[in-house]
There are 2 protein chains.
Amino acid sequence: MTVTRSTRQRDVIARVITQAAGPLAVSEVLAQARADLPTLGLATVYRTLKLLTEQHRIHPVILDGETLYEASGRGHHHHFSCTVCGRVFTLHTCPVALPSGTVYPGGFVVEAHEVTLYGQCPQCASQAAQALSG
Amino acid sequence: MTVTRSTRQRDVIARVITQAAGPLAVSEVLAQARADLPTLGLATVYRTLKLLTEQHRIHPVILDGETLYEASGRGHHHHFSCTVCGRVFTLHTCPVALPSGTVYPGGFVVEAHEVTLYGQCPQCASQAAQALSG
DNA sequence: CTCGTTGCAAATCATTTGCAATAGC
DNA sequence: GCTATTGCAAATGATTTGCAACGAG
């Protein structure tokens, strides 16, 4: 029976993801964690990401082929991907009403759902509006 | 100015995707296309998939890290991923009402949306029900 | 014929793994 | 001190690209 040890790198990686506003790419996790641990290796990041995922403390979000990670336990939410600046935001309102157990037309028993919205984030939308009027 | 030629491999690959009931993995496209063109190379499949995507004749669907391709122009639809058998189905009803241009809470201007449902497909759900009663 | 396309093999990119050194407990 | 963990480098798997032979117009 292997015991999971607490290490400086695991603490730092977990903190980086926990304190992030939205989901982070692996490279972003590495860069931010290296602010505290300059010698941190990429393999350790991947191993820790996998470990934290198995512990359900974080989970992956795959968006346009990019794998991002975010902290779990923040309640039901979805993502908004800005088609202009590329940033990913977390949305706290849900546009669908599909509780687990709902039977969808065709006989599909829904256990979970995922929604991603694409468009312009508030900042990019206001810049586009200014460009039009200016 | 480069001209795009019509070739046997492109026709076969386009037909395989067009005739499929749901999205196909690259390996499935290769396997099915090889029924007609046994010497077809994997690189040609990737190149053709990219070409057809640029022409908006097909588009990728990334599901659990797997890249699948399906024909475009079949109208607005979403996907259902069976957590038991792993197959992906196309749903023709949409659980969200977010026309392009909708401004989502927070000031996000929605241009498009993607929904994926997870759960048991009709076949797996009925098998599960039989197992419980039998 | 000319030049876009193909199949193959080598290259690339993201992610995983082997291994000796290192560090929790 | 025992053994999980780390960093590095090599390995893997998916996708891409270089290149000479091939084939569409």
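Labels below follow one simple rule: chain letters A, B, ... track the order of the sequence lines, proteins then strands, and each chain is numbered from 1.
Applying the side-chain hydrogen bond (donor to acceptor under 3.5 Å, both in side chains) rule to pairs touching residues 13-23 of chain B yields B/Arg15-B/Asp36, sequence neighbours excluded. For residues 55-81 of chain A, the side-chain hydrogen bond (donor to acceptor under 3.5 Å, both in side chains) pairs, not counting sequence neighbours, are A/His59-A/Glu70, A/Glu70-A/His77, A/Glu70-A/His79, A/His76-A/His78, A/His76-A/His113, A/His78-A/His113.
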Query raised in the report: How far apart are the C-alpha atoms of B/Val45 and B/Leu40, what are their side-chain angles, what is the distance that settles it, and do they pass the side chain to side chain contact (heavy atoms under 4.5 Å, CB included) test?
Result: CA-CA 8 Å; B/Val45 174; B/Leu40 180 64; 3.8 Å; yes
Query raised in the report: Run the side chain to side chain contact (heavy atoms under 4.5 Å, CB included) check on A/Val84 and A/Cys121 step by step: do they pass?
Result: CA-CA 8 Å; A/Val84 179; A/Cys121 69; over 6 Å; no
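The interatomic distance linking A/Arg10 (CZ) with C/dG24 (P) rounds to 11 Å, in whole Å. Distance B/Leu40 CG to C/dC8 C1': 13 Å, rounded to the nearest Å. Atoms CG (B/Leu49) and P (C/dT5) sit 15 Å apart, rounded to a whole Å. Taking atom CG of residue A/Leu37 and atom P of nucleotide C/dT22, one finds them 17 Å apart after rounding to whole Å.
Listed by chain and number, the residues in a ring pair (Phe, Tyr, Trp, His ring centres under 6.0 Å) with A/Phe89 are B/Phe108 (sequence neighbours excluded). With sequence neighbours left out, A/Thr93 forms a side chain to side chain donor-acceptor pair (under 3.5 Å) with B/Tyr104. Under the rule for a side chain to side chain donor-acceptor pair (under 3.5 Å), the partners of A/Gln120 that lie at least two apart in sequence or sit in another chain are B/Glu111. Contacts of B/Gln127 classified as side chain to side chain donor-acceptor pair (under 3.5 Å), with partners at least two apart in sequence or in another chain: none. Every residue was checked against the salt bridge (charged side-chain N to carboxylate O under 4.0 Å, His left out) condition with A/Arg5, not counting sequence neighbours, and none meets it.
Contact check of residues 26-34 of chain A against DNA chain D (heavy atom, cut-off under 4.0 Å) returns no residues at all. A heavy atom closer than 4.0 Å to some atom of DNA chain C occurs in A/Thr67, these being the qualifying members of residues 57-70 of chain A.
Contact annotation: the side chain of A/Ile17 approaches that of A/Leu49 to within less than 4.5 Å [non-hydrogen atoms, C-beta and beyond].
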Report task. Treat primed atoms plus P, OP1 and OP2 as sugar-phosphate and everything else as base, then score nucleotides 17-25 of chain D 5' to 3': B for base contact with protein heavy atoms under 4.0 Å, S for sugar-phosphate contact only, - for none. Result -> BB----BBS
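Side-chain atoms of B/Thr83 do not come within 3.5 Å of backbone N or O of B/Tyr118 as any donor-acceptor pair.
Within the helix from C/dC1-D/dG25 to C/dC25-D/dG1, the inter-axis angle between the opening and closing five-pair segments is 30°, rounded to 10°.
Under the 4.5 angstrom side-chain criterion for Ile, Leu, Val, Met, Phe, Trp and Tyr, the cluster partners of B/Ile62 are A/Ile62.
Taking OG1 of B/Thr53 as the reference point, atom CG of B/Leu51 lies at 8.5 Å (rounded to 0.5 Å).
Nucleic acid contact for A/Leu42: base, since at least one base atom lies under 4.0 Å from a heavy atom of the residue.
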